[in-house]
Every structure is written in C-alpha cells, then in structure tokens.
Amino acid sequence: MASRYNRTNEEVLSVLSNAKVLEKDLSPVTQVLSFSEPNNLEENLLLLELDNSLLELLNNGDCLAFRGDKNESAVMCTKSKTFDVKTAEISNSLALVPEILWSQDTMCSSADRILKEKNVVKVFNEYLEVRHCGPRLQKLRSLLAVGEYSGPEYEKDLKESGVKLLTLHDLLHKIQASEEELLAALKENFACCIDGYWRCLEFNYHFRVLSSVLQVVDENSWPLNGLVCKEVLESLEELVPEVILNHLMEWYTFENPGENTCTLREDRICKVLGEVLLRPAGKWNLQEFLTAWQQSVPEGMVTNMKYLEGVAIKDTSCQPQVVRYFPEWDLPEDIGERFKVLFKAREKWTVDEIRPYIERLTTSKMNVNALLTKHARASTSNGMKYYSARHGK
C-alpha cells in the first residue's frame, strides 16, 4: 500500500494564492484530508437521517431495530412505531471525518500555519430516509396458525409433530412491527400467551369454550350485566385451562366498578357468533342471516351489522340481497393491491363501509380520507358519496 503523502505549509499557501484567498482571513489551522484504504467496518457504514424525536430516543438510551427478511424491504422500529426505510440520493457528497475541528476549535495565536492530518473514513452519495408507516402484520396470522391451540387433548400430538411455537422474541424477529404494535395485533387476533408461547385459539375450540361460558350464564339466569366471573371460572376449571378462561373473560366481558360482577360485551359476542354462521357458508341471504344471527346470540343482545365491520360485507345490488364473509386480515398488505381487491369485491363503497378495510394502513400523515383521495375516485348518487376504482369503467 502506498505511503500517505504529507502536504507542506508551502503547498497550502500556494493553494490559497491560486484561489485568491488571503491567509490573514483564515484561522492559522489547516486540516489536511486524506483517504485511506477502507476496512470492512467502514465499508458497511450507512448514513441514517433521523428527525428530532427519533434522535431524542437514541440520546435517551432507547433502541431502534431494523426488521425484515431478505425478500422484504426493511423497516425501522421504535418501541411503539414502525418506519419505512428507503434509500435517497445526496446531491452533494458527504464525507465522514472523525475528530474534525470546527471553526471555534481552530482559533489560536500562532504566527505560523499549523497542519492537522484528518482521515476521511467514507464518502456518502446516499442515505437512509425513514418515514412513519403502519406495521406489516400480514404474516402474523399464518405464523400463529401453525401452532393453533385446539385444547389440552391435542397438545401431545402437536409437540410430536415438531411444530415450532413462537415466543414474543421470535415474533419480533419475524414481524415488521414495533413491540407495542405487535402486542396490540396479538390481542386483536385473540392470541394468548400459553407457557411463554403466543398461540391463536383454533376457531371451533374458541367457539366451544365461549359457548360453555354462555351456557353457565344461562344456567344461572344471570343478566347480561351481572355475571359472577369467579363462579364462571370455577364451573369450567376442570374443562378449560385457566389461562384460556381468563383470556376469554378478559376479552368478552368488562368488570363492573365496585362490584364482584362483570358485563358481557355485546359487540364482541355478536361479532364472533356472526362469524360462526358466515365462515362455513361464505355467503348468506341477508334477511335469513340477520334472523339466524339474532337467534344465535344471548337473550337481551341485539345484533347490528356494524359489529361485523371488517368481517363481512353486504351486497344490496342484487335480489335477494346477500351478506358475504370478507375478513380484512385476508387482504393484501400493499395498499395499492388492497384497493384492487376491494373494488373487485364491490364496485362502490361509502367511506364508512370501506374504512374498516383500510384504516389499519393509515399513518399520521395519511388518514382514511387521504388514502381514498389518492387511490379512489369519488362520486355522488342520491346525495350519498361513494368511492370506486380510480381507473374503473
């Protein structure tokens, strides 16, 4: 490797003269930049742009984690948010020079020019730009489905099958989401932590346990707002593992303040019982479905199609009208592809109808209305505003 060339004071003065710069107008310290052969560490350095809030997180000792498989574009995650990471070009190259002296550090009373050797570690022509985005959760259901919990009687067979169950640590390495967003998604997907592993309940088992809870309520003639949770748990403790019962009670009830009772959540119970009817059939005559659905829920509850937002859609353009199983979690994660599927399923949507299917992909800078403006075309019919494919017929 060639030895480094040492610049002299005379050469510096010659450069100043050629540039028509007076030496007296400069500080007496000149920093001479040299380029050395890069090592592997320096070659792998990347330039990352952070806003003040993210920089403050780092300064406070928090971590930023990059997540994504080889076939996925990277995201960066804080404890609570996810950021898309893109490469952006720099119009003027930036040189990384450790221990460079700033103007205030070069002031001294020396009469002679002082040369300071500084090494350029790397020159950057691009940097990583981060923008807040939604978590990418499409893989979550498929990952959890492999180790679904179907009851204690099936656990031995599952273990012998060699299925790898996943801890929160495992999921954080596979899912492009912050920890808080992942935990929220696990809750939305009705996953629970069993012996340290996150598992979804197999749907029929889930329904069977919920039916047992509702049967206990019926046998005791409790009002919907007067369940004695302790008695429910005691009645079913020999049939259902405690962790599953606690999980169901937490999801389908809320405690009555100052009392030893709890109230059944109408919205969540109606939703799952509606899904029980829709899943196997896929499509129902709307009026027949509404009748069967109302008959399936506990007495005193009133079904409402708003409870099936993100689960089912109505088609009122045909006769008889129908309702179709159409779960949000099966749609593409890419927003453009998602809109294509939505407009293929139904030509026109109101904002309230389409909201459950795109709301999860919104960001602080791109809300539902902004997504519709970008990806859909608005029209008005009989005083009602509808959205359809931007490049539709």
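Excluded from the calculations below are hydrogen atoms, water molecules and symmetry mates; all remaining heavy atoms, backbone and side chain alike, are included.
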Please check: side-chain N/O of [X] versus main-chain N/O of [Y], any donor-acceptor pairing under 3.5 Å?
X: Trp293; Y: Glu288; value: no
X: Asn285; Y: Pro320; value: no
X: Arg390; Y: Thr373; value: yes
X: Thr362; Y: Asn367; value: no
X: Thr82; Y: Ser178; value: yes
X: Arg67; Y: Val75; value: no
X: Ser17; Y: Leu13; value: no
X: Glu255; Y: Pro257; value: no
X: Glu126; Y: Leu46; value: no
X: Ser14; Y: Glu10; value: no

Is the shortest heavy-atom distance from the side chain of [X] to the side chain of [Y] under 4.5 Å?
X: Val97; Y: Val121; result: no
X: Tyr252; Y: Val272; result: yes
X: Glu117; Y: Ser34; result: yes
X: Leu158; Y: Tyr149; result: no
X: Met366; Y: Ile335; result: no
X: Thr78; Y: Lys81; result: yes

Identify the two heavy atoms, one from [X] and one from [Y], that lie closest to each other, and give their separation to 0.1 Å.
X: Gly147; Y: Val163; answer: CA-CG1, 4.2 Å
X: Ile358; Y: Arg338; answer: CG2-CD, 4.5 Å
X: Leu371; Y: Phe339; answer: O-CZ, 4.0 Å
X: Asn189; Y: Ala185; answer: ND2-O, 2.7 Å
X: Trp198; Y: Leu144; answer: O-CD2, 3.5 Å

Residue [X] excluded, over 12 heavy atoms near [atom1] under 6.0 Å:
X: Tyr154; atom1: OH; answer: no
X: Asn92; atom1: CG; answer: no
X: Lys122; atom1: NZ; answer: yes
X: Asp195; atom1: CG; answer: no
X: Glu56; atom1: CD; answer: no
X: Asn52; atom1: CG; answer: no
X: Phe190; atom1: CZ; answer: yes
X: Glu219; atom1: CD; answer: yes

Taking only Lys NZ, Arg NE, NH1 and NH2, and the carboxylate oxygens of Asp or Glu, determine whether [X] and [Y] approach each other closer than 4.0 Å.
X: Glu328; Y: Arg355; answer: no
X: Lys164; Y: Asp170; answer: yes
X: Asp69; Y: Lys139; answer: yes
X: Arg346; Y: Glu353; answer: yes
X: Glu309; Y: Lys306; answer: no
X: Glu148; Y: Arg141; answer: no
X: Arg113; Y: Glu23; answer: yes
X: Lys79; Y: Glu179; answer: yes
X: Glu129; Y: Arg131; answer: yes

Does the salt bridge (Lys or Arg N to Asp or Glu O under 4.0 Å) test come out yes or no for Asp84 and Arg136, once each step is laid out?
-> CA-CA 10 Å; Asp84 197 16; Arg136 298 172 183 173; 2.9 Å; yes
Taking the six-membered ring for Trp, are Tyr325 and Trp329 parallel (under 30°), tilted (30 to 60°) or perpendicular (over 60°)?
-> perpendicular
Going by the angle between their ring planes, with limits at 30° and 60°, are Trp349 and Tyr357 parallel, tilted or perpendicular?
-> perpendicular
Candidate pair Glu250 and Arg265, rule salt bridge (Lys or Arg N to Asp or Glu O under 4.0 Å), full reasoning | CA-CA 10 Å; Glu250 181 182 347; Arg265 294 194 56 152; over 6 Å; no
Going through the distances and angles, do Val216 and Trp222 end up as a side chain to side chain contact (heavy atoms under 4.5 Å, CB included)?
-> CA-CA 9 Å; Val216 173; Trp222 288 327; 4.0 Å; yes
Nearest 0.5 Å, what's the [atom1]-[atom2] distance between [X] and [Y]?
X: Leu57; Y: Leu50; atom1: CG; atom2: CG; answer: 9.0 Å
X: Asn256; Y: Thr261; atom1: CG; atom2: OG1; answer: 4.0 Å
X: Thr380; Y: Tyr386; atom1: OG1; atom2: OH; answer: 10.0 Å

Connected via hydrophobic side-chain network under 4.5 Å: Ile114 and Val12 = no
Arg268 and Trp251: CA distance, side-chain angles, deciding distance, side chain to side chain contact (heavy atoms under 4.5 Å, CB included) verdict = CA-CA 8 Å; Arg268 292 180 175 177; Trp251 183 253; 3.2 Å; yes
Does the side-chain hydrogen bond (donor to acceptor under 3.5 Å, both in side chains) test come out yes or no for Asp352 and Thr350, once each step is laid out?
-> CA-CA 5 Å; Asp352 289 335; Thr350 67; 5.4 Å; no
Hey, does the Lys NZ or Arg CZ of Arg279 hover above the aromatic six-ring of Phe203, less than 6.0 Å from the centre and inside 45° of the axis?
-> yes
Evaluate the criterion side chain to side chain contact (heavy atoms under 4.5 Å, CB included) for residue pair Tyr307 and Asp267; output intermediate values, then yes/no.
-> CA-CA 6 Å; Tyr307 296 150; Asp267 56 344; 3.6 Å; yes
Using the disulfide bond (SG atoms under 2.5 Å apart) rule, collect all pairs that involve residues 240-339, keeping only residues at least two apart or in two chains.
-> Cys229-Cys262
In sequence, state the C-alpha distance, the side-chain angles, and the governing distance for Thr303 and Gln294, and then conclude on side-chain hydrogen bond (donor to acceptor under 3.5 Å, both in side chains).
-> CA-CA 6 Å; Thr303 57; Gln294 181 60 55; 3.1 Å; yes
Side chain to side chain contact (heavy atoms under 4.5 Å, CB included) between Leu101 and Gln31, worked out = CA-CA 8 Å; Leu101 300 175; Gln31 299 181 78; 3.5 Å; yes
